[in-house]
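Computed from heavy atoms alone, side chains included, the values below leave out hydrogens, waters and symmetry copies. All residue numbers in this chain count up from 1 along the given sequence.
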Amino acid sequence: MTLAFDPAALTLPAAHFIGGTFIDGPEEIAVTAPSSGQALRAIPCADAAMVDRAVETARAALASSGWGGLMPRDRLRAMHRWADLIEAEAAHLARLEAVASSRPVAQAVTGDVLVTAEQIRFFAEFADKEGGELVPTSDAQMGFISAHPYGVIGAITPWNFPLSMAAWKLGPALAAGNAVVLKPSEMTPYSTLRLAELSVQAGIPAGLINIVLGEGPTTGSAITGHPGIDKVSFTGSTRAGAQIMENIARTGIKPMTLELGGKSPMLVFADADLDLTADCLDRGITPNAGQFCVAGSRIIVDRRVAEELAEKLAARFARHAPAPTWAGEAGFSPIISERQLARIDSIVRAAVDQGAQILCGGERFDREGSFYRPTLIGGVDAQSPAIREEIFGPVATFQTFDTEEEALALAAHPTYGLAAGLFTRDLSRALRLTRALEAGTVWVNRYGRTRDHILPTGGWKASGIGKDLGREAYLANRRTKSVLIDL
């Protein structure tokens, strides 16, 4: 096997980044490469005092730089320079991304890193194109709505796509004139640190982006409950999102954007192109080993084509071969940790104990690292843990229906409403069901976003509050003031 890089030879940043400077702390949190189980460089855990320092630094940087009051075009230019540096350092950033994560370096170089740069450019363009609004009044008055930065945004990102998730938070916040204190996942910290360092090299004032390392209960709680944080943005599990809401409510009221868990249904009708559908279903659950929030984990199929589709999908699942994330050619991704792999397998076993059948997969790969086979489970009902719980792994359930009404009933989930897929050649049905499906995003005859940053993402029900991406994400980082003047 050809290796793209040697993980042992990689120098890993492992300190807080505050005010444009790396600040060491005691190495308390172990970091492990899921592809091999080998230990990587440990990181410090920021306590409340370190978070205080980051917040104070961010507020001081806003005041000294005048970032929020600059000519908007100046913010745009600085962010474009940052995106240029990200692209120029794609190979190094991809290695930092791959070594501790589930992201293959071959995909990170041409995908994750470039998407990160694109997202920063996308949000930068809003800086001089979105402003206030003059509203209609009588001739004796002038009324307008002015928009302003919040100040300091507290952001927490997940481990599954470290770079692009950081760009989701940093891009709109900076373009809108804010500073950020961001905590990346303690499992995948390295690429985010370098991303922040490049921002200073691009001319974004030091202190506008501050990275504090640590775990959720300590560092995350200190961020979300900090009185100097003006708004919180979080991507992660629904359980963690609920804890953040509780912490904010306990320590003070502030706005929040929460992009949370999902259990997305994939509805397949008998008139669908089954080869196209099987490809989409495969892409809906196997990339990143199913470790993404919009994974199409509930496949719901017209009974007339169920057997044929199951065979096509099982054949596609069988083609996936695991490889370490630093391999020259991208392979099937590892599960982020042994703990998460054990959780995935326990849900599969519990479903089987309740009467489900494993149609394919259902076990780990027999090799080094935390790799689990793509899995398809049939014979499940609404009470099965494989239906109720977000598995966050390469596991999909397979259910059948006879009528459109039955399909919609199976698609509805009591907890989640993040995304859904729909496969049919009937345009009327497609339009009808996109209205009926309870989800923040619906894809028709395809599955998953590409580089469509203009489309916002966010969930219904317990899948989230507010939106990431799109114009909505920029506006969510600005607060408005209504002004009425008698002339």
What are the two closest heavy atoms between Ala46 and Val51, and how far apart are they? CB-CG2, 4.4 Å
Pairing donors with acceptors under 3.5 angstrom, does anything connect the side chains of Thr224 and His226? no
Judged by atom type as modelled, is there a donor-acceptor pair below 3.5 Å linking the side chain of Ser164 to the main-chain atoms of Thr116? no
Answer whether the closest heavy-atom distance between the side chains of Ser370 and Gln340 falls below 4.5 Å. no
Angle between ring planes, Tyr416 versus His413, binned at 30° and 60°: parallel, tilted or perpendicular? tilted
With a 4.5 Å cut-off on side-chain heavy atoms, are Ser233 and Asp468 touching? yes
Would you say the side-chain atoms of Trp82 pair up with the backbone N or O of Leu195, donor to acceptor, closer than 3.5 Å? yes
Is Glu130 salt-bridged to Arg478, cutoff N-O under 4.0 Å? no
Going by atom types only, do His320 and Asp282 share a side-chain donor-acceptor pair under 3.5 Å? yes
Between Asp275 and Lys312, is there a side-chain N and carboxylate O pair less than 4.0 Å apart? yes
When you look at CZ of Arg339, are more than 12 heavy atoms from neighbouring residues, nucleotides or ligands closer to it than 6.0 Å? no
Is it the case that the side chain of Glu406 and the backbone of Asp402 share a donor-acceptor pair, with hydrogens and angles ignored and the cut-off at 3.5 Å? yes
Side chain to side chain, Ile299 and Leu376, heavy atoms closer than 4.5 Å: yes
Any side-chain heavy-atom pair from Ile358 and Val352 closer than 4.5 angstrom? yes
Is it true that Glu389 and Arg343 have a side-chain N and a carboxylate O under 4.0 angstrom from each other? yes
Between Asp353 and Arg349, is the closest basic N to carboxylate O distance under 4.0 Å? no
Compare all side-chain heavy atoms of Leu213 with those of Ile29 and state whether any distance is below 4.5 angstrom. no
How about Tyr474 and Trp168: are their ring centres within less than 6.0 Å of each other? no
Is there a donor-acceptor contact under 3.5 Å from the side chain of Thr251 to the main chain of Asn247? yes
Side chain to side chain donor-acceptor pair (under 3.5 Å) between Lys169 and Thr235: does it pass, once the steps are laid out? CA-CA 9 Å; Lys169 312 301 182 188; Thr235 297; 2.7 Å; yes
Are Ser102 and Asn288 linked by a side-chain donor-acceptor pair shorter than 3.5 Å? yes
Is the backbone N or O of Ala155 less than 3.5 Å from a side-chain atom of Lys183, with the two atoms forming a donor-acceptor pair by type? no
Main-chain N/O of Ala289 paired to Thr286 side chain as donor or acceptor, under 3.5 Å: no
Flag side-chain contact, heavy atom, 4.5 Å: Ser297 against Ile391: no
Any side-chain donor paired with an acceptor under 3.5 Å for Thr257 and Lys231? yes
Can you list the steps and then say if Val395 with Tyr372 is a side chain to side chain contact (heavy atoms under 4.5 Å, CB included)? CA-CA 9 Å; Val395 179; Tyr372 200 83; 4.3 Å; yes
Roughly how far apart are Ile248 CD1 and Ile223 CD1, rounded to 0.5 Å? 11.5 Å
Arg121 bridged to Glu87 by N-O distance under 4.0 Å: yes
Have Thr397 and Arg298 got a donor and an acceptor in their side chains that come within less than 3.5 Å? no
For the pair Arg316 and Asp279, find out whether any cationic side-chain nitrogen is under 4.0 Å from an anionic carboxylate oxygen. yes
Are the side chains of Leu433 and Leu408 in touch, meaning some heavy atoms are under 4.5 Å apart? yes
Short side-chain to backbone donor-acceptor contact, Ser185 and Pro158, under 3.5 Å: no
With a 4.5 Å heavy-atom cut-off, do Phe332 and Pro394 have their side chains touching? yes
Rounded distance [0.5 Å steps], CH2 in Trp159 versus OG in Ser101: 9.5 Å
Relative to the ring of Tyr447, is the ring of Trp443 parallel (under 30°), tilted (30 to 60°) or perpendicular (over 60°)? perpendicular
What one should report as the nearest heavy-atom pair of Ile211 and Ala196 is CG1-CB, 3.6 Å
Using the benzene-type ring in the case of Trp, are the ring centres of Phe401 and Phe269 under 6.0 Å apart? yes
Salt-bridge criterion met for Asp345 and Arg373 (N-O under 4.0 Å): no
Nearest 0.5 Å, please: how far is CZ in Phe398 from CD in Glu307? 9.5 Å
Walk me through whether Lys467 and Glu259 qualify under salt bridge (charged side-chain N to carboxylate O under 4.0 Å, His left out). CA-CA 7 Å; Lys467 298 290 185 179; Glu259 203 247 4; over 6 Å; no
Indicate yes or no: does Glu125 engage Arg471 in a salt bridge with an N to O separation below 4.0 Å. no
What is the ring orientation for Phe365 with Phe371, classed by angle as parallel under 30°, tilted 30 to 60°, or perpendicular over 60°? perpendicular
Flag the pair Asp271 and Arg304 as a salt bridge only when some basic side-chain nitrogen lies within less than 4.0 angstrom of an acidic carboxylate oxygen. no
